[in-house]
Structure formats: structure tokens, C-alpha cells
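Residue numbers count from 1 along this sequence. Numbering of ligands and ligand atoms starts at 1, following listing order.
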Amino acid sequence: MKNITVIGSGTMGNGIAHVFALNNYKVHLFDISTDALAKAMVVIEKNLDRQVEKGSITAEQKTSTLQNITSSASLESAAKDADLVVEAATENSAIKLELFKNLDALCNPGAILASNTSSISITKIAAATKRPAQVIGMHFMNPVPVMKLIEVIRGYATSDETTKTIFEISKALGKNPVEVNDYPGFVANRILMPMINEAIISLHEGVAGVEEIDTVMKLGMAHPMGPLQLADFIGLDVCLFIMNVLYEGFGNSKYAPCPLLKNMVTAGYLGVKSGEGFYKYTKGSKDLVVSGMFSK
Ligand SMILES: NC(=O)c1ccc[n+]([C@@H]2O[C@H](COP(=O)([O-])OP(=O)(O)OC[C@H]3O[C@@H](n4cnc5c(N)ncnc54)[C@H](O)[C@@H]3O)[C@@H](O)[C@H]2O)c1
């Protein structure tokens, strides 16, 4: 496995390309947006500079990492030599099913097709291809160059051989792969999102205020960030989307998204990305200004 194609060059795609290229893989980065591709190369260079400043990589490693990445707006050329494809396009079933159908037709028969999806069924994605044994979830965490976990998700038909290969590659990237089966939310979001939802329910029912809830979880449970601030960072729209995946996937009312979460998303209070969620942020940054509407 030497040639890696990364599909989607947004937040996750540029981090995934960065980590593979730093570990001497040849990376072909593809996006439908040429703007997104250009922006990704700027972000990767900035993040590499930060690593050089911190002394975690050398200036030569930065240069070779950048040389290992080719960007392209053609799926055909990005896919044709790939040994492994890691898809990190927008979280939308229709987009991913279409991509996997096309990748299956364009890639070598031996290539493995992985998805970085947070919530879409790997079994469903695999069913869009004629190689379901070679389709797998490779769920990196944000920020990819920093976070050690890769949740490796086996679809219903994923083979032992594919899983073993992805474990070996994950370790070669300096990451810790963990094997999980394909059920709604996998493990990470099945546990994280109901915790965030419960924090929002506690706020909604007046059990405590925004800062009080976050302080209890930070100081009491040693979480680096409270669940409401974490929801702002993830994006309240993303949290709602994943709660709905759990709710529909299990058909169990314990996963029903909190009405306050739904209202905030409808009103456009999405967290950091919109400038306000449970807290207010300086425009375009994660710098916290003050608590938002619910502590007024
Ligand atoms: N952001 C996170 O914290 C996080 C964490 C883990 C997993 N994920 C998953 O990673 C994936 C990407 O998320 P993101 O946050 O990087 O999104 P993003 O919005 O930052 O980037 C998505 C990119 O995909 C591109 N794209 C859309 N359709 C495409 C297509 N057909 N072909 C190629 N590129 C296409 C867009 O132009 C965009 O550049 C999603 O599946 C998401 O669930 C996100």
C-alpha cells in the first residue's frame, strides 16, 4: 500500500492527507471544489509549520510531506492508481453512495475503499459497490494530526483481510486503531452524542446553567471541555444530525434529540461556525467571548 487517494479536502480530508504524506505515502487529494483544494494545501502547510516550530518534525519532513501530495479535481486520475481510498467528503448519504459506486468502477480491483463517515452505515455504503468485502470505515478524529484514535468500522461483509490491512496502515501512521461493528453511531458517537444531548436536556429543564453544566463535567469528570462547549465546536447541526441517525437507527425514544437542540439549529445558532451556540465566539475563531443566550 503506497498510493492513497483522499476524497474531500475539508477539515478532515486535509488532516488525513497530511498524516499519510508525513508518513511517506503518496497522496492524491481530490475535491469537487478547486477552492477547497487550494485552501487545503494552505492549511496543510500551516499545520506542518506549527509542527516544525514545536520540534515534532524537521523542516526536511515538511518539504517531503508537501512533495508527497498531489491535488486533483479529476476523480478518474485520483482513483486510477490508488491502493487505498479514504473518503472524507460531506456527510450526506447520496453523495457518499454515488462516490463509492464511481470509485468501485474506477479503482483497481484490489483497492480498499474506506469512509471517514461519522454516522452513515458502512454496510449501506459497501452495498453501493461490487466489492463489499473491501469496504470499511476508517473514522479519524479531529484534529487528525493530533488525535491518536482511528475507529475501524467493519461493515456486514468487510473481510478479515481488509480489517487487518487497515489496522497495519493505522499503526504505520502512529495511530491506535480500535475495531468496532457497524451499528448506528458506531462507538464514539453512540456514547458522545447522547451525553451532549443529555447536557442540553439538563439545560432545557432548568437543572443548571450553561457554565454550571460544563464546569461539573470539566472539574468533576476531568473532561478537557464541557459538553455544551464541545457541541458548539462540533456544530449543533452535526449533533442534531447524528442524534437523528441514532433515533431512527435504533427506533428508541432514549435517543430523541432535545427540543432545545432542534430550536437552536432551526434558528441558526450552530456554535462556533455561526458565531453563537451555547457560547458566543469572536467571528471566525474559536475564541470564547461570553456565554450565549441561555445564561442571560
Ligand atoms: N469535522 C469533524 O470533526 C469530523 C470528525 C470525524 C469524521 N468526520 C466526517 O468526515 C467527513 C468530512 O467532514 P469534514 O468536517 O471534513 O467536512 P467539510 O465540510 O470540512 O469538507 C467536506 C469536503 O467534501 C467536499 N465534497 C463534497 N462533495 C464531494 C464529492 N462528491 N467529491 C469530492 N469532494 C466532495 C467539499 O467540497 C468539502 O471540501 C464527513 O463524513 C464527516 O462526518 C468529521
With [atom] as the reference point, say which of [options] has the nearest heavy atom.
{"atom": "atom 40 (C) of ligand 1", "options": "Ala89, Ser33, Ser118, Ala188", "value": "Ala89"}
{"atom": "atom 16 (O) of ligand 1", "options": "Met12, His139, Glu87", "value": "Met12"}
{"atom": "atom 39 (O) of ligand 1", "options": "Thr11, Asp31, Asn92", "value": "Asp31"}
{"atom": "atom 18 (P) of ligand 1", "options": "Ala40, Gly10, Ala88, Gly8", "value": "Gly10"}

Heavy-atom closest contact ([X] atom, [Y] atom, distance):
{"X": "Phe186", "Y": "Thr117", "value": "CE1-O, 3.5 Å"}
{"X": "Asp49", "Y": "Lys62", "value": "OD1-NZ, 2.9 Å"}
{"X": "Leu84", "Y": "Ile166", "value": "CD1-CD1, 3.9 Å"}
{"X": "Met141", "Y": "Ala188", "value": "CE-CB, 4.4 Å"}

- Short side-chain donor-acceptor distance under 3.5 Å, Tyr269 and Asn263: no
- Under 3.5 Å, is there a donor-acceptor pair linking the side chains of Asp104 and Thr129? no
List every atom of ligand 1 that sits less than 4.0 Å from any heavy atom of [X], numbering the atoms from 1 in the order shown and giving each element.
{"X": "Lys96", "answer": "40 (C), 41 (O)"}
{"X": "Ala36", "answer": "39 (O)"}
{"X": "Phe140", "answer": "6 (C)"}
{"X": "Phe30", "answer": "32 (N), 33 (C)"}
{"X": "Thr117", "answer": "41 (O)"}
{"X": "Ile7", "answer": "33 (C)"}

At under 4.0 Å between heavy atoms, is it the side chain or the backbone of [X] that contacts ligand 1, or both, or neither?
{"X": "Met141", "answer": "neither"}
{"X": "Ile32", "answer": "both"}
{"X": "Ile95", "answer": "side chain"}
{"X": "Thr90", "answer": "both"}

- Query: Salt bridge between Glu168 and Lys164, side-chain N to carboxylate O under 4.0 Å?
  - Reply: yes
- Message: Please determine whether a side-chain nitrogen of the Lys or Arg among Asp81 and Lys26 lies less than 4.0 Å from a carboxylate oxygen of the Asp or Glu.
- Response: no
- Message: Just verifying a value: how many Å separate Leu192 CG and Ile234 CD1, rounded to the nearest 0.5 Å?
- Response: 5.0 Å
- Examine Phe20 together with Tyr25 and report whether their ring centres are nearer than 6.0 Å. yes
- Can you tell me which residue and heavy atom of the protein come closest to atom 41 (O) of ligand 1, and the distance to 0.1 Å? Glu91 OE1, 2.5 Å
- Task: List the closest protein heavy-atom neighbour of atom 10 (O) of ligand 1: residue, atom name, distance to the nearest 0.1 Å.
- Result: Asn116 ND2, 2.9 Å
- Item | Where at least one partner belongs to residues 184-207, residue pairs that pass side-chain hydrogen bond (donor to acceptor under 3.5 Å, both in side chains), sequence neighbours excluded | none
- Query: Within the structure, does at least one protein heavy atom fall under 4.0 Å of atom 21 (O) of ligand 1?
  - Reply: yes
